[in-house]
Amino acid sequence: AYVIMTNHQSYLDIPVMALAVHGHLRFIAKKELFRIPVFGPAMKAAGIIRIDRPDREKAIESLRQAAEELHAGTNIWIAPEGTRTRDGRIGRFQRAGLRAMLQARDWEVWVVVGDGMWRCARLADFVRGIDSVEVRMLADGPLRFSPQRDDADAFIDDLRSRMISGLGRLRDGSAPS
């Protein structure tokens with residue numbers, strides 16, 4: 001099992017990743033999403049890992065739960081930006097939670113960059129009737145991190161740089177199709 005870190009462009013990220021990843025997949029979602037009628041209970045029933053970002057101790061406990069899921073053979077998907085982009089660019093990463101997670105154990109990480117989904121970033125976009133979206137994806141990995149060997153901040157910087165570079169390659173056509 002491995003960790004998949006992706007940019008976050010849209011509500012479409014969830015079904016696209018679920019279709020693209022082979023095997024069991026769980027993602028980490030901010031606690032506020034669990035309050036949405038129908039969607040929140042469905043996430044809970046699906047075993048989505050809830051994270052309370054402002055509460056460091058609870059957030060770390062959620063990341064420990066993710067590590068247990070990995071040991072059980074479930075792939076974990078994380079959007080390190082913490083929220084959807086409004087303009088299609090890679091946002092700043094939520095570093096504190098990532099740093100705490102990385103320090104917990106050795107990890108195998110895939111960086112997956114998607115593009116095109118940001119055009120449907122809001123629920124209103126679906127209601128408005130967007131009838132087609134071209135989605136392109138690029139994977140980079142596996143990257144290995146060991147807290148005994150590697151610097152978490154340098155690894156996070158490398159992940160973000162890879163996402164930015166991958167997004168650029170998707171947009172300029174230099175990524176393999």
Peer 1: What is the distance from atom CG of L167 to atom CG of D172, rounded to the nearest 0.5 Å?
Peer 2: 10.0 Å
Peer 1: Evaluate the criterion side-chain contact (heavy atoms from CB on, under 4.5 Å) for residue pair V112 and M163; output intermediate values, then yes/no.
Peer 2: CA-CA 7 Å; V112 177; M163 279 190 192; over 6 Å; no
Peer 1: Indicate yes or no: at least one non-hydrogen side-chain atom of E108 is less than 4.5 angstrom from one of V3.
Peer 2: no
Peer 1: With rounding to the nearest 0.5 angstrom, report the CE to CD1 distance, M101 to I78.
Peer 2: 4.0 Å
Peer 1: How far does CG of D153 sit from CG of D158, to the nearest 0.5 angstrom?
Peer 2: 12.5 Å
Peer 1: Say you draw a straight line from CG of L159 to CZ of F93; how long is it, rounded to the nearest 0.5 Å?
Peer 2: 6.0 Å
Peer 1: Taking the side chain from D52 and the backbone from A59, do they hold a donor-acceptor pair closer than 3.5 Å?
Peer 2: no
Peer 1: Between R89 and I164, is there a donor-acceptor pair closer than 3.5 Å when you use the side chain of the first and the backbone of the second?
Peer 2: no
Peer 1: I'd like to know if the side chain of T6 and the backbone of A79 have a donor-acceptor N/O pair within less than 3.5 Å.
Peer 2: no
Peer 1: If we ignore angles and hydrogens, is there a donor and acceptor under 3.5 Å between the side chains of D115 and Q9?
Peer 2: yes
Peer 1: Can you tell me how far CZ of R160 sits from OG of S165, rounded to the nearest 0.5 angstrom?
Peer 2: 12.5 Å
Peer 1: Do L143 and F155 have side chains that get closer than 4.5 Å, going by heavy atoms?
Peer 2: yes
Peer 1: Measure the shortest side-chain to side-chain distance between M17 and M137 over non-hydrogen atoms and say whether it is less than 4.5 angstrom.
Peer 2: yes
Peer 1: Treating R136 as the side-chain partner and L170 as the backbone partner, does any N or O pair qualify as donor plus acceptor under 3.5 Å?
Peer 2: yes
Peer 1: Flag the pair L98 / Q94 as yes when at least one side-chain heavy-atom distance between them is below 4.5 Å, and no otherwise.
Peer 2: no
Peer 1: Does L25 reach the side chain of I4, with side-chain heavy atoms less than 4.5 Å apart?
Peer 2: yes
Peer 1: When rounded to the nearest 0.5 angstrom, what distance separates CD1 in I36 from CE in M43?
Peer 2: 7.5 Å
Peer 1: Would you check if the side chain of N7 reaches a backbone N or O of G114 as a donor-acceptor pair within less than 3.5 Å?
Peer 2: yes
Peer 1: Check whether any side-chain heavy atom of K58 sits under 4.5 Å from a side-chain heavy atom of K31, and report yes or no.
Peer 2: no
Peer 1: Would you indicate whether the side-chain heavy atoms of I76 and I49 approach each other to under 4.5 Å?
Peer 2: yes
Peer 1: Does the side chain of L102 come within less than 4.5 Å of D150's, by heavy atoms?
Peer 2: no
Peer 1: Using the six-membered ring wherever Trp is involved, compare the ring planes of W77 and H8 and label them parallel, tilted or perpendicular (cut-offs 30° and 60°).
Peer 2: perpendicular
Peer 1: Salt bridge between R144 and D106, side-chain N to carboxylate O under 4.0 Å?
Peer 2: no
Peer 1: For R92, does the CZ atom sit with more than 12 other heavy atoms under 6.0 Å from it, leaving out its own atoms?
Peer 2: no
Peer 1: Could you tell me whether a side-chain N or O of N75 sits under 3.5 Å from a main-chain N or O of A1, the two making a donor and an acceptor?
Peer 2: no
